[in-house]
Enquirer: 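Have a look at this one before I ask anything.
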Amino acid sequence: MTLTELKNLLLTITSNVFHYKPPDGQKGSYIVWAEDGEGDAIHADGKKAERAITGTIDYFTKTENDPVVQQIETALDSADGLAWYLNSIQYEQDTGYIHYEWVFEVDGAEEGDEDG
């Protein structure tokens with residue numbers, strides 16, 4: 001799975017999907033995804049043979065027991081070449097949002113594939 005494919009997968013859940021941060025004044029529930037590093041890489045003949053990109057997917061909602069949380073996890077489960085886990089659930093008192101954070105690792109992501 002590439003980062004573009006991950007973005008497209010998230011867009012099947014909602015059109016409110018943003019790379020790195022939402023636009024100023026964003027209202028309602030939304031997803032933010034961002035790559036943040038490289039996971040385990042395989043080297044052969046002194047070169048990188050395979051790589052994995054790590055990152056987070058964050059969902060912000062004001063709806064308790066929001067069914068979109070399960071939709072996100074179902075979509076992540078359906079993806080080939082994607083490992084993930086739910087890292088945290090937090091209530092953000094200053095905004096009133098419930099913030100879900102998943103950590104992902106995408107196998108085979110190509111350099112230059114970080115478009116938003």
Side-chain angles (χ1 to χ4, degrees):
M1 168 168 274
T2 65
L3 293 171
T4 299
E5 290 169 335
L6 175 62
K7 177 188 74 172
N8 291 337
L9 178 70
L10 296 172
L11 284 167
T12 67
I13 300 163
T14 178
S15 60
N16 291 329
V17 174
F18 308 101
H19 194 207
Y20 294 115
K21 69 179 195 92
D24 291 340
Q26 175 64 36
K27 299 205 185 292
S29 300
Y30 61 94
I31 296 171
V32 174
W33 67 279
E35 62 278 27
D36 60 19
E38 183 175 72
D40 294 331
I42 297 173
H43 294 82
D45 295 327
K47 297 180 182 176
K48 192 177 297 188
E50 288 186 27
R51 68 186 299 210
I53 298 295
T54 61
T56 57
I57 298 165
D58 299 88
Y59 179 60
F60 297 86
T61 181
K62 293 188 177 183
T63 303
E64 188 173 357
N65 301 315
D66 192 330
V68 173
V69 172
Q70 185 59 52
Q71 292 173 12
I72 292 169
E73 292 188 350
T74 299
L76 297 176
D77 273 342
S78 74
D80 290 331
L82 174 72
W84 65 273
Y85 65 90
L86 179 63
N87 190 52
S88 69
I89 304 168
Q90 308 159 38
Y91 178 72
E92 297 186 358
Q93 195 143 356
D94 59 331
T95 64
Y97 276 104
I98 302 166
H99 175 187
Y100 294 81
E101 179 191 58
W102 295 268
V103 173
F104 71 85
E105 183 173 282
V106 186
D107 293 328
E110 298 176 12
E111 288 215 31
D113 188 32
E114 293 88 13
D115 66 335

Enquirer: So does D94 have more than 12 non-hydrogen atoms from other groups sitting under 6.0 Å from CG?
Expert: yes
Enquirer: Any chance you could measure Y20, atom OH, to D36, atom CG, to the nearest 0.5 Å?
Expert: 9.0 Å
Enquirer: So, applying side-chain hydrogen bond (donor to acceptor under 3.5 Å, both in side chains) with S29, which one of T14, T61, N16 is it?
Expert: T61
Enquirer: Given the rule that I, L, V, M, F, W and Y join up when any side-chain heavy atoms are under 4.5 Å apart, are Y100 and L11 in one cluster?
Expert: yes
Enquirer: Has the side chain of K7 got a donor or acceptor atom that lies under 3.5 Å from a matching backbone atom of W33?
Expert: no
Enquirer: Examine the side chains of N87 and T56 and answer whether a donor and an acceptor come within less than 3.5 Å of each other.
Expert: no
Enquirer: Could you give the distance from CZ (F60) to CD1 (I98), rounded to the nearest 0.5 Å?
Expert: 12.0 Å
Enquirer: Between E73 and W84, does a side chain to side chain donor-acceptor pair (under 3.5 Å) hold up when you go through it step by step?
Expert: CA-CA 9 Å; E73 292 188 350; W84 65 273; over 6 Å; no
Enquirer: T63 side chain to D66 main-chain N or O, any donor-acceptor pair under 3.5 Å?
Expert: no
Enquirer: Checking side chain to side chain contact (heavy atoms under 4.5 Å, CB included) for the pair I57/L76: CA distance, chi angles, key distance, verdict?
Expert: CA-CA 10 Å; I57 298 165; L76 297 176; 3.7 Å; yes
Enquirer: Are Y59 and Y97, when compared by the centres of their aromatic rings, separated by less than 6.0 Å?
Expert: no
Enquirer: CE/M1 to CG/L9 distance, rounded to the nearest 0.5 angstrom?
Expert: 5.0 Å
Enquirer: Hey, is CG on D77 packed in by over 12 heavy atoms from elsewhere, all under 6.0 Å?
Expert: yes
Enquirer: Does the pair N8 and T4 meet the rule for a side chain to side chain contact (heavy atoms under 4.5 Å, CB included), with working shown?
Expert: CA-CA 6 Å; N8 291 337; T4 299; 3.8 Å; yes
Enquirer: Could you grab the distance from atom CD of Q71 to atom CG of L10, nearest 0.5 Å is fine?
Expert: 12.0 Å
Enquirer: Does a side-chain heavy-atom distance below 4.5 Å link I31 with D58?
Expert: no
Enquirer: Tell me the closest heavy-atom pair linking G96 and K62, and the distance in Å.
Expert: O-CG, 3.5 Å
Enquirer: Quick check on the hydrophobic clustering: are I89 and V32 connected, directly or via other members, by side-chain heavy-atom contacts under 4.5 Å?
Expert: no
Enquirer: Would a hydrophobic clustering, with Ile, Leu, Val, Met, Phe, Trp and Tyr connected at side-chain separations under 4.5 Å, put V17 with V103?
Expert: no
Enquirer: I need the full list of ring-ring contact (aromatic ring centres under 6.0 Å, His included) pairs touching residues 62-82, with sequence neighbours left out, sorted by first then second residue.
Expert: none
Enquirer: Please say yes or no: joined through hydrophobic side-chain contacts below 4.5 Å, possibly via intermediate residues, are F104 and V69 part of one cluster?
Expert: yes
Enquirer: Using the rule that two of Ile, Leu, Val, Met, Phe, Trp, Tyr join whenever any of their side-chain heavy atoms come within less than 4.5 Å, decide whether L82 and I13 are in one cluster.
Expert: yes
Enquirer: Using the rule given for side chain to side chain contact (heavy atoms under 4.5 Å, CB included), can you reason through L3 versus E35, listing the C-alpha separation, both sets of side-chain angles and the distance that settles it, and then say yes or no?
Expert: CA-CA 8 Å; L3 293 171; E35 62 278 27; 4.2 Å; yes
Enquirer: State whether the side chain of Q70 and the backbone N or O of P67 hold a donor-acceptor pair below 3.5 Å, judged by distance alone.
Expert: no
Enquirer: Please lay out, stage by stage, how Y85 and W102 fare under the test side chain to side chain contact (heavy atoms under 4.5 Å, CB included).
Expert: CA-CA 5 Å; Y85 65 90; W102 295 268; over 6 Å; no
Enquirer: Quick one: closest heavy-atom pair of H19 and A34, and the distance?
Expert: CD2-CA, 4.2 Å
